[in-house]
Amino acid sequence: MANPTHSSPADAGAAPTPTDFIRDIVTANVAAGKYQKIVTRFPPEPNGYLHIGHAKSICLNFGIAREFRGRCNLRMDDTNPTKEDVEYVDSIQQDVNWLIEDWADDRLGLKPKGKTPEAITVNGQPDFYLGPADPSAAAVEPFYASDYFEQIYQYALQLVRKGKAYVCDHTAEEVDKMRGAPEKASEPSHYRDRSVEESLDLFQRMRAGEFPDGSRTLRAKIDMASPNIWMRDPVIYRIRHSEHHHTGAAWCIYPMYDFAHCLSDYIEGITHSICTLEFEVHRPLYDWILENLGLPRPLPHQFEFARLNVTFTVMSKRKLLQLVNEKIVTGWDDPRMPTISGIRRRGVPARALRQFAYNIGVTKRDSVTDVAVLENIVREDLNRHALRRLGVLRPVKVVITNLPEDHVEEINAINNPEDPAAGTRKVPFSRAVWIERDDFMETPPPKYFRLRPGGEVRLKYGYIIKCDEVVKDAAGQIVELRCTADLGSKAGGPTANRKVKGTIHWVSAAHALEADVRLYDRLFTVAEPDAEGDFKKRINPHSLETVAAKLEPSLAKASDAERYQFERLGYFALDPDSQPGRLIFNRTLTLRDTWAREQQKS
RNA sequence: UGCCGGAUGGUGUAAUGGUAGCACGGCAGACUCUGGAUCUGCCUGUCUAGGUUCGAAUCCUAGUCCGGCAGCCA
C-alpha cells in the first residue's frame, strides 16, 4: 500500500494533504495492513442535481482514493423507482466528471456496461462480487445499486431462511404505530413469528407480482425493544409496481436503502463507506445486515461526517427543486444555484471548488460555512488565472477633443499581471471611448478618485484626460463628456509618470463589441434563509441584472474554457447560451470593492 | 426527558497531556496605471463546575446547550 501523496487539489506538490478524522482512520487501517486497496464510493440517488454539499463528499471520497492510490466508485443509489430519472443520472455523471477531471479521474471506478455481479466462491463459500471495468474498456457506465437487485434478493432470501427476516402483512399505518416512538415502547408485528416456510413462500410471491403495492413488506427480525428505532424490525423490501429507470419492469419489489446500501458496498468491495451524520443511527443496522449474512469477504465500514451548509443559500433538494419548478431561477444550472452545474455555469473553476472542499475540512460538528470563504477562494483562483480585458457595463461617451476625428491607435495591454507568460495584446483606442457611468460624478464626495468636471484621470494603458465639458440632454441626463488628453502621458511619453489619483477602464466606441452581461448576486438576502419562516420570502430581488455592455474587440474570440477579469469590475465567463455575434457573459464575482464599502459607511 | 452525535474567536478549522495556531471576516495603514493584487499591524476563542497532573482544549465526574433518529425516502 502506498503512502498518501502530498499534494493539494489546486496545485500538485505544493500544500500538504489534508488531515481529518476519516483520513486518520484510513491511514491507521493502511498502517495495520487491514486492506489491500482502499475503495470508497460516491453514491448519489438520481433524483436531483448534485450541489455543493455533494461536491464536498466527492472531494472527500475521491480525495481519499487519490491520496491512498485506491479507487472511488460512482454509484447510482437507485432503489426507489418512483423518484428517480435518467435525466439525473446524466447530470450526475457530467458533474462528477467535471469536478474530478485532471485531479482524480484516474481513480474513478466505473463498471463494464450492462455487467452485473458475478457469483464467485471465497473460502469455499458462495459470494457475489462486481469489480471495476478496465479503464481502457470501450463501454463503461457507473455502478448502479439496481444492478444488484437479483443478488440483494438472494441475500434477503438467505435472511428469511435463517429466520432473520419475515414477511409482514400490516399496513404502513399499522407498522408506523406499532414501531412506537423514540421514547415509547413498541408492539411486535403480528406476523413476526410466521414460519420460515410461509415467509419464504410469501416473499417469492411478492417478487412474482401476486400482491398489490403496500400490502406486505419484508422485515428484518432484529429487536422491537431496541432504543434505536432503526433496529425495531425495519422494513427491508416493499412492493412497488412501477417502472424503474434502469431495470425497467423487471422488478415489482424494491429493497430499502438500509438493506441495499450495505450490500452494494459489500458487493463492490468498498472498504470505507462515508456518509453524512443523519445516517449515524443507521450504522448498527448496516453492520447487523452484513454480519448476519455470514459473508466471506472483509466487510465495509460506515463513517459519518457533517454535511455542508453555506450562508446565503439553501441546500435541500426539495427547496432547490422548488426554486426550479416555481421558476424563481431559470433551471438547475442557473448560475445563482448552489448546484454543481450552476456553480460551473457561473464560471467557478473546478479547481477552486476542490480547493474550497479542501479548506473547509471534514468534522462531525454541524456548522455553517460563510459563503465569503468560497468567494475568497474563487477570487484567489481567478486572480491568478483570469485574462484581463476591458469592458464597460454601463457606458457613457467620452470624446477626446484634441484628437483628430479619424484617430485610431493600438495600445499594448497586459493579459495578466499575475502571470507574465500570459503576454500582452493590442487594444484599439480612438477619439471616442465608452467609460463607466460610475466613473464620473459632477459633484463627487470626498475621496472620489475618478473623473469630475475639470478633473483628471488616467485611461488605463492610455492617456491622462481632463474633463472640460459635460453635455446633457433635455432631461438632464449626461450624454457625453468632452475631454482633452495629455498626449505625452501615455506609457513611454514625457509626462507618463505624472501622478493622477485615478485610473479607469474604457472601450473604444468605434470598435466596441456589444454583449449581454448577466450580473449575478446572492440569491438570498439573509445568511440563513431557512432558519425561520418561508425561505422564499428571503429571496434577493436583485440577484440578477442584465446589462448591455461594451467590450473590447478581442473578446469576439472569447472561449468558454477561459476566464476573464473585466478590469476593475469582476470575473466573467462566457455563458453556454452565447453565440458568435451574440455574446453573453456571466459575472462570476465582483472584484473586492473597497470603494463601495467606503461609500456604505457614509 | 429513550438512543446516537457534537460543543475551540463573528465564521470555519488545527493542536491527539507540553507556547491555543491557520484561514475567512472586521478594523487601521503601506504600495499601486485595476479603489484589484500584494505587504504590515491590530481585533476576538477552549460551554460550565469540580477532579487527576509539575502541566488539561485534550484524561475523569457531574451538568448545560445544540444537532440527528419515530418513511413501505435516501
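Order of the sequence lines sets the chain letters (A, B, ...), proteins ahead of strands, with each chain counted from 1. Atoms considered below: every heavy atom in the structure, side chains included; atoms not considered: hydrogens, waters and symmetry mates.
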**Report entry** Ring-on-base stacking B:G35 with A:W595 (under 5.5 Å, under 30°)
**Finding:**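 Aromatic stack with B:G35 present for A:W595.
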
Scan every strand shown for a Watson-Crick or G-U wobble partner of [N], both distances under 3.5 Å, and answer none if you come up empty.
N: B:G18; value: B:C54
N: B:A74; value: none
N: B:C33; value: none
N: B:C42; value: B:G26
N: B:U1; value: none
N: B:U61; value: B:A49

Would you say [X]'s side chain and [Y]'s backbone share a donor-acceptor pair under 3.5 angstrom?
X: A:D486; Y: A:G488; answer: yes
X: A:R388; Y: A:I414; answer: no
X: A:R219; Y: A:D233; answer: yes

Query raised in the report: For RNA chain B, which residues in residues 307-320 of chain A have a heavy atom at a distance below 4.0 Å?
Result: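 RNA chain B contact set from residues 307-320 of chain A: none.
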
Please classify the nucleic acid contact of [X] as base, sugar-phosphate, or nothing, using heavy-atom distances under 4.0 Å.
X: A:R388; value: base
X: A:S226; value: nothing
X: A:G570; value: nothing
X: A:P284; value: nothing
X: A:D176; value: sugar-phosphate
X: A:D366; value: sugar-phosphate
X: A:V368; value: sugar-phosphate
X: A:T217; value: base
X: A:F279; value: base
X: A:H261; value: nothing
X: A:A596; value: nothing
X: A:Y448; value: base

Report task. With A:R207 as the cation and A:Y153 as the aromatic partner, state whether NZ or CZ is under 6.0 Å from the six-membered ring centre and within 45° of the axis. Result ->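 The answer is yes, since A:R207 meets both limits relative to A:Y153.
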
Query raised in the report: Quick one: is the NZ or CZ of A:R389 closer than 6.0 Å to the six-membered ring centre of A:F566, and within 45° of its axis?
Result: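 No, A:R389 does not lie over the aromatic ring of A:F566.
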
Nearest-nucleotide pick for [X], side chain only, options being [options]:
X: A:A372; options: B:C73, B:G25, B:C69; result: B:G25
X: A:R240; options: B:C69, B:C72, B:U34; result: B:C72
X: A:Y571; options: B:G67, B:G36, B:G12; result: B:G36
X: A:E567; options: B:C24, B:U34, B:C73; result: B:U34
X: A:N383; options: B:U13, B:C24, B:A37; result: B:A37
X: A:K460; options: B:U34, B:A7, B:A70; result: B:U34
X: A:R568; options: B:C72, B:A14, B:G35; result: B:G35
X: A:T503; options: B:G25, B:C72, B:G35; result: B:G35
X: A:A181; options: B:A70, B:C73, B:G67; result: B:A70
X: A:V281; options: B:A74, B:U34, B:C69; result: B:C69

Euclidean distance, atom [atom1] of residue [X] to atom [atom2] of [N] [Å, nearest integer]:
X: A:E280; N: B:G2; atom1: CD; atom2: P; value: 19 Å
X: A:D593; N: B:A37; atom1: CG; atom2: C1'; value: 14 Å
X: A:E183; N: B:A70; atom1: CD; atom2: C1'; value: 8 Å
X: A:F449; N: B:C31; atom1: CZ; atom2: P; value: 12 Å
X: A:L591; N: B:U38; atom1: CG; atom2: P; value: 11 Å
X: A:K501; N: B:U32; atom1: NZ; atom2: P; value: 10 Å
X: A:K83; N: B:C72; atom1: NZ; atom2: P; value: 12 Å
X: A:E173; N: B:C72; atom1: CD; atom2: C1'; value: 10 Å

Query raised in the report: Mind telling me whether B:G71 is syn or anti, cutoff 90° either side of 0?
Result: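 Glycosidic conformation of B:G71: syn.
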
Query raised in the report: If we take the P atom in both B:G18 and B:G36, what is their distance in whole Å?
Result: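 B:G18 and B:G36 have their P atoms separated by 43 Å.
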
Query raised in the report: Which whole number of Å gives the distance between the P atom of B:G17 and that of B:U11?
Result: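 Here B:G17 and B:U11 have their P atoms 28 Å from each other.
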
Query raised in the report: Does the base of B:G25 carry an N or O that pairs as donor and acceptor with the side chain of A:E375 under 3.5 Å?
Result: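 Checked by distance alone, the answer is no.
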
**Report entry** Side-chain donor/acceptor contact of A:R379 with base of B:G36 under 3.5 Å
**Finding:**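 Between B:G36 and A:R379, which were checked side chain against base, a qualifying N/O pair under 3.5 Å is absent.
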
Any [X] side-chain N or O less than 4.0 Å from OP1/OP2 of [N]:
X: A:R238; N: B:C73; value: yes
X: A:R219; N: B:C72; value: no
X: A:R179; N: B:G71; value: yes
X: A:R592; N: B:G26; value: no
X: A:T369; N: B:U11; value: no
X: A:T79; N: B:A74; value: yes
X: A:R597; N: B:C27; value: yes
X: A:K499; N: B:C33; value: yes
X: A:T594; N: B:G36; value: yes

Report task. Return yes if a side-chain donor-acceptor contact under 3.5 Å exists between A:H245 and A:D85, otherwise no. Result ->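 Judged by distance alone, the side chains do not pair up.
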
Requested in this report: Report the distance from atom CD1 of A:I236 to atom CG of A:L159, rounding to the nearest 0.5 Å.
Outcome: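 Rounded to the nearest 0.5 Å, the CD1-CG separation comes to 5.5 Å.
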
Requested in this report: Kindly write out the residues that satisfy salt bridge (Lys or Arg N to Asp or Glu O under 4.0 Å) with A:D169, not counting sequence neighbours, or none if the list is empty.
Outcome: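 With sequence neighbours excluded, A:D169 shows a salt bridge (Lys or Arg N to Asp or Glu O under 4.0 Å) to A:R194, A:R216, given in chain and number order.
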
Report task. Of all the heavy-atom pairs spanning A:R179 and A:M224, show the shortest one and how long it is. Result ->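 Reported closest heavy-atom pair: CA-CE, 4.4 Å.
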
Query raised in the report: Does the gap between the ring centers of A:F429 and A:W506 come in under 6.0 Å?
Result: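 Ring centroids of A:F429 and A:W506 are less than 6.0 Å from each other.
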
Query raised in the report: Looking at the rings of A:Y254 and A:Y237, which for Trp means the six-membered one, are their centres under 6.0 Å apart?
Result: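 Judged by ring-centre distance (under 6.0 Å), A:Y254 and A:Y237 do not meet the cut-off.
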
Query raised in the report: Using 30° and 60° as the class limits, which term best fits the ring planes of A:Y257 and A:H261: parallel, tilted or perpendicular?
Result: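 Aromatic pair A:Y257/A:H261 classed tilted.
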
